[in-house]
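Data first, discussion second: the structure below is written as structure tokens.
Every number for a ligand or one of its atoms is a count from 1 in the order of the listing.
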Amino acid sequence: MSLREIDAYARLPLPVKSAEGVELILDDGRRVLDLYGGHCVNTLGAGDAGLARVLSRQWYELSFATNLIDHAPRREFLAAFEPNLPLAPDGWQVFCTNSGAEANENALKLALAFTRRRKVVYFKGAFHGRTAAAAAVSDTKLPAFPNAPFDAIKIPWSQSEVAHWAIDDSVGAVILEPYQSLAGVTEPTSGFLEKLRERCDQTGALLIFDEVQTGNGRLGTPWAAQHFGVVPDVFTTAKGAGAGLPIGLTVARSKFASGVPGKLFGSTFGGGPLVLAAAAEVARRIAEPGFLDNVRATSAALKRAALRGPVVKVRGAGLLLGLVVNSDTSAAAVRDALLAQGVLVGTSDDPKVLRLSPALTLQPSDAERLAHALETLEVRA
Ligand SMILES: Cc1ncc(COP(=O)(O)O)c(C=O)c1O
């Protein structure tokens, strides 16, 4: 066979045959604790029985339907999604697509159409996806396209003074990840998000939170808005919202969503019955008593477990954690050594920071396996 995939990913030496809950099962039967969770996707862990029942029933009942037809999973999704939303006096409206990048494209499109402006402010270290508009506001090493579709203005992360001057009444949108994940789970300095909110209110720019990673219960609250106590005008999510099925959601305050023509938006697959049945199940599970308590308890246990061996600092919230390694080693070397001990973690753009983004069903007791692996690992220089 001569056909190859484009060489986009450096694949790990991990012959995975199957997965169960928070474990990957290798060809030779070994079990690896998955603290990467499919990069924030596996909200409910692998092979969740409740989700399997929902998907199987939905597949036989109505596997797909054009967006010209309404269907029960859409109503169930909206009903399940609403109670978890941050409070907004005018309520919210949502548009369904297939990925985080698409969700961000639509958020930016909405903001620029509503404000009739052509400038977007974004932050150093940001990642919002690989399509044209999302890439234009991502701080990646390789430029994705020769031109941005709007004027994109990059400013330093978490510096209120600079943000104040950069955001004026010619700016249509300010987009940010409440925790910058790929940059190494860097948190905003205290009061920064409040200052952005205030400045956007003064200038009329729309504040967009990219909750592709921080959303769907990951921080121990349904959304980052509740974690930080700052409500954006628009937020986006994807990854964990479908627990393994491709989804992108653009969620906008009604006063903005109803101020632009609906015809700006469209998607063939987005909002299909199977995906929305999955998203409804995820939203219901997040709202179940004890679900987010477990996220917070497991987060505390992981933070305690991680602070040993080569790890000198832990940052982040809930089950989105950044582990800073000491100056003698690199995150990649520690990741490889942990893998040899049966624990999968992620790296980040910061060569000193590992990332944990496990299933939200991980239990506090699972943290002991990380502690043991960090204590006994042999890191190659
Ligand atoms: C914060 C953030 N936004 C957007 C995206 C893009 O999502 P997708 O790969 O689903 O297009 C990602 C993907 O890693 C992300 O981490």
Aromatic ring proximity, centroids under 6.0 angstrom, W92 and F81:
no

Compute the centroid of each ring, for F192 and then for F123, and state whether the two points are separated by less than 6.0 Å.
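Close enough - the centres of the two rings lie under 6.0 Å apart.
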
Determine whether L374 and V311 satisfy the following criterion, side chain to side chain contact (heavy atoms under 4.5 Å, CB included), listing intermediate values before the conclusion.
CA-CA 8 Å; L374 283 168; V311 178; 4.0 Å; yes

So, R355 and D350, do they make that salt bridge, N to O below 4.0 Å?
no

Contact check: [X] vs ligand 1, nitrogen or oxygen atoms, below 3.5 angstrom:
X    : answer
Q213 : yes
A101 : yes
V212 : no

Flag: protein heavy atom within less than 4.0 Å of atom 9 (O) of ligand 1:
no

Would you mind listing which atoms of ligand 1 come within a distance below 4.0 Å of any non-hydrogen atom of [X]?
X    : answer
E177 : 1 (C)
N104 : 3 (N), 4 (C)
S99  : 10 (O), 11 (O)
F127 : 1 (C), 2 (C), 3 (N), 5 (C), 12 (C), 13 (C), 14 (O), 15 (C)

Got a sec: does the NE2 of H372 have more than 12 other heavy atoms crowding it under 6.0 Å?
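It does not: H372 NE2 has 12 such atoms or fewer within range.
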
Look at atom CD of E368 and say whether more than 12 heavy atoms of other residues, nucleotides or ligands are closer to it than 6.0 Å.
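No, the 6.0 Å shell around CD holds no more than 12 heavy atoms from other groups.
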
Note the single closest protein heavy atom to atom 7 (O) of ligand 1, along with its residue, its atom name and the distance in Å.
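Closest protein heavy atom to atom 7 (O) of ligand 1: G100 CA, 3.4 Å.
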
What protein heavy atom lies closest to atom 3 (N) of ligand 1? Include the residue and the distance to one decimal.
D210 OD2, 2.7 Å

Can you see which heavy atom on V324 is nearest to which on R315, and at what distance?
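That would be CG2-NH1, 3.9 Å.
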
Passes side chain to side chain contact (heavy atoms under 4.5 Å, CB included), L108 versus V234? Steps please.
CA-CA 9 Å; L108 292 164; V234 183; over 6 Å; no

Could you tell me whether ligand 1 has any atom less than 4.0 Å away from a heavy atom of H39?
yes

Sub-4.0 Å heavy-atom approach of K239 to ligand 1:
yes

